[in-house]
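None of these values were measured; they are calculated from a predicted model. Throughout, residue positions are numbered sequentially from 1 according to the sequence presented. Just the heavy atoms: all of them, side chains too, but no hydrogens, waters or symmetry mates, feed the values below.
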Amino acid sequence: MTTVTGVPLDEQSCVPGFPDVDAVRARFERLAMVVDEVSPSPVLVDRMAALVALRNSVDAALAATELAFARRHAAEAGRDPALLDPALLDPALLDPALLDPALLDPALLDPALLDPERLERSIGAQIGLANRASPTVGRHRMCAARDLHDGLGRVRGLFAAGEVDGYRVSIVVAATAHLDAGERAEVDRRLGEHDIARLGVARLRNLVRALVAEVAPGKFGQRCRVARAGRRVTLRQAPDGMVDLRAHLPVEQGVACFAALRKAFDGVQIAPEPLTRTRGQVMADTLVERVTGRVSAEHVDVEVQVVVPVEALLDEDSPLPAEIGGFGPVPVGFLAGVRGRRLLRRLLTRKGMVVGGDSRSRCFPAGLADLIRARDRHRCSAPYCDAPARQIDHVVRAVDGGPTSYDNGRAVCELHNYLREQPGWWVEPTAEGTCTTTPTGHTYHHRTQPLGSPQPTGPEPLGPPGPVTVRPAGAGPGSPAGGPPRRASSGRRARGRTAARPG
């Protein structure tokens with residue numbers, strides 16, 4: 001469970017610039033809670049269209065607000081020495097006394113001295129939290145809002161009027177991201193000659209790419225060449241014990257692979273044996289066989305870490321499922337029928353608890369790291385982030401006396417492992433999990449879900465506001481409210497928070 005605080009209780013119902021937000025929200029809540037079975041069909045269709053247009057306008061306003069926040073935060077970052085690039089600083093400013101925010105003269109600073117990567121990470125993470133999404137989503141939204149307001153005036157106008165939705169806008173923004181403002185404006189002008197609100201997604205994508213190729217053919221060709229260097233294969237979790245294996249390939253290679261798999265089905269189809277598999281099943285099995293080198297897709301070697309409740313082993317009628325780390329719950333006997341050589345590494349739980357370990361090392365040992373990853377389901381445990389857990393982090397940093405233990409460890413993605421060292425960011429342990437504080441003083445509480453409990457199907461909803469502690473930007477545990485923040489490490493890895501060795 002994730003909750004957010006940071007606004008005084010008597011002001012939470014009044015958002016600056018939007019004083020009637022409660023009344024608007026209450027009206028739509030009433031509309032959403034009741035299924036209207038009285039109004040005639042034409043009225044309901046008109047209502048749907050009006051709500052879709054309103055949603056699009058709200059999304060446009062949200063993009064403008066995100067851009068405003070990014071610009072304001074960047075403007076205020078000039079007084080924060082932790083966001084400066086040490087390689088570009090004047091030697092006279094390297095004196096720790098001169099880097100104290102209370103003594104730093106803004107006139108001595110050049111905005112060009114800011115480290116853009118660190119600043120963008122901080123802004124993107126805060127936008128992601130406000131959207132109840134991951135930092136990656138927040139960063140993408142920030143870049144999209146910036147490009148939308150830099151040359152795409154006609155598209156932005158249609159977006160604000162509710163004529164086009166956010167997905168179509170994102171197609172235009174993504175296709176023109178590599179252009180400068182003037183080239184983007186020319187593409188926007190040519191798009192104005194088409195009724196893009198009535199185009200399907202595929203036709204809109206092809207139209208924008210064609211216009212980009214006409215306006216900036218050199219950049220279009222360079223973008224295609226760079227894209228080929230980004231070919232890759234990824235594995236994504238899917239429901240019901242399945243995964244999606246995706247290959248991002250140049251078009252001719254992808255078409256060739258798909259044609260070869262289709263040809264394999266043609267061979268099976270004309271064989272004298274009865275056909276017992278569908279085209280899709282034959283193509284999937286052929287892919288597995290050719291990649292793994294096995295004669296049959298059912299006889300692959302597999303090593304799987306499975307978390308099994310003790311109750312399920314003692315009672316064959318127990319409804320409690322097992323869980324494959326990083327891929328969700330499956331029936332306890334699901335892997336019993338898997339053929340080939342397999343190694344099941346079982347972690348037994350009781351009432352959601354796994355036996356933990358303790359260590360005096362600042363690096364989490366492989367066994368202890370495996371337990372922590374299993375507890376956090378091999379996903380980042382930061383609020384709203386669902387990225388794969390790449391590293392193990394000390395909740396209370398080792399440099400601050402935090403132990404290398406099961407209770408003080410959390411599985412996180414690489415971004416969140418480094419983000420907490422940025423100025424104004426704090427992570428603290430709570431009775432139920434962790435609390436993250438952002439530079440604006442907002443706090444986000446994340447409750448650790450015990451193993452064996454049902455997993456949320458998406459970002460967890462916000463709960464009711466809890467006790468509020470509003471910290472000034474930069475204030476955190478161990479520093480007086482309003483005082484200067486502790487200096488974080490620079491671009492180097494923070495001490496006391498190291499990745500676990502691969503298990």
Side-chain angles (χ1 to χ4, degrees), residues 49 52-64 66-67 70 120 124 127 133 136-234 236 244-262:
V52 169
L54 180 61
R55 180 191 62 193
N56 295 341
S57 298
V58 170
D59 287 343
L62 177 59
E66 290 165 347
L67 179 62
E120 190 171 300
I127 291 177
T136 300
V137 172
R139 200 167 183 175
H140 288 168
R141 292 187 64 90
M142 174 189 65
C143 295
R146 177 196 62 201
D147 293 342
L148 179 62
H149 289 75
D150 190 18
L152 296 174
R154 290 177 176 81
V155 173
R156 188 173 73 250
L158 292 174
F159 193 21
E163 295 295 323
V164 295
D165 58 17
Y167 185 63
R168 285 175 170 79
V169 171
S170 68
I171 290 175
V172 177
V173 171
T176 58
H178 61 295
L179 305 181
D180 58 36
E183 294 166 338
R184 197 179 292 120
E186 177 60 21
V187 173
D188 182 68
R189 184 190 67 79
R190 298 190 184 191
L191 278 176
E193 301 172 358
H194 302 267
D195 189 2
I196 63 175
R198 298 182 183 274
L199 293 179
V201 171
R203 289 187 176 182
L204 176 60
R205 182 180 290 110
N206 292 337
L207 173 62
V208 177
R209 287 175 57 83
L211 294 178
V212 168
E214 295 174 6
V215 171
K219 291 184 178 180
F220 179 74
Q222 177 64 18
R223 174 168 174 160
C224 291
R225 288 189 291 272
V226 171
R228 296 177 73 89
R231 57 191 182 277
R232 59 192 177 275
V233 177
T234 58
R236 296 294 181 91
D244 291 327
L245 178 65
R246 302 179 181 180
H248 187 69
L249 302 172
V251 61
E252 71 279 4
Q253 297 178 11
V255 171
C257 291
F258 194 78
L261 295 176
R262 287 179 64 94

Practice prompt. Show your working on side-chain contact (heavy atoms from CB on, under 4.5 Å) between Asp147 and Thr176 and close with a plain yes or no.
Written response: CA-CA 8 Å; Asp147 293 342; Thr176 58; 5.7 Å; no
Fill in: Chi angles and distances behind the side-chain contact (heavy atoms from CB on, under 4.5 Å) call for Phe220, Glu214
CA-CA 9 Å; Phe220 179 74; Glu214 295 174 6; over 6 Å; no
Worksheet item: Would Arg168 and Leu199 satisfy side-chain contact (heavy atoms from CB on, under 4.5 Å), going step by step from the backbone distance to the final call?
Response: CA-CA 9 Å; Arg168 285 175 170 79; Leu199 293 179; 5.8 Å; no
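Of the possible polar contacts, none joining the Arg184 side chain to the Leu152 backbone as a donor-acceptor pair under 3.5 Å is found. With Arg156 contributing its side chain and Leu148 its backbone, the two residues share a donor-acceptor pair below 3.5 Å. Under a 3.5 Å cut-off, the side chain of Arg223 and the backbone N or O of Ala175 do form a donor-acceptor pair. A donor-acceptor pair under 3.5 Å is absent between the side-chain atoms of Arg141 and the main chain of Leu62, judged by distance alone.
Residues Cys257 and Leu249 share a closest heavy-atom pair of SG-CD1, 4.3 Å. Nearest heavy atoms, Cys224 versus Arg209: SG-NH2, 4.3 Å. In terms of heavy atoms, Val201 sits closest to Tyr167 at CG1-CE2, 3.6 Å. Minimum heavy-atom separation, Ala70 to Met142: CB-CG, 4.1 Å. Residues Val164 and Ala197 approach most closely at CG1-CA, 3.8 Å, considering heavy atoms. The two atoms that bring Gly162 and Ser57 nearest to each other are N-OG, 3.5 Å, heavy atoms only.
Residues forming a side-chain hydrogen bond (donor to acceptor under 3.5 Å, both in side chains) with Arg228 (at least two apart in sequence, or on another chain): Glu252. Residues satisfying the side-chain hydrogen bond (donor to acceptor under 3.5 Å, both in side chains) criterion with Arg139, sequence neighbours excluded, are Glu117, Glu120. Here Asp59 pairs with nothing under the salt bridge (Lys or Arg N to Asp or Glu O under 4.0 Å) rule; sequence neighbours left out. Judged as a side-chain contact (heavy atoms from CB on, under 4.5 Å), and not counting sequence neighbours, the contacts of Asp180 are Glu183, Lys219. Listed by chain and number, the residues in a side-chain contact (heavy atoms from CB on, under 4.5 Å) with Leu191 are Val155, Val172, Val187, Ile196, Leu207, Val208, Leu211 (sequence neighbours excluded). For Glu163, there are no side-chain hydrogen bond (donor to acceptor under 3.5 Å, both in side chains) partners two or more places apart in sequence or in a different chain.
Within 6.0 Å of NE2 in His140 there are 12 or fewer heavy atoms belonging to other residues, nucleotides or ligands.
Atom CG of residue Asp188 and atom CG of residue Asp150 lie 11.0 Å apart, to the nearest 0.5 angstrom.
Considering Glu193, Glu186, His194 as possible partners of Arg190, the one that fulfils the side-chain hydrogen bond (donor to acceptor under 3.5 Å, both in side chains) test is Glu186.
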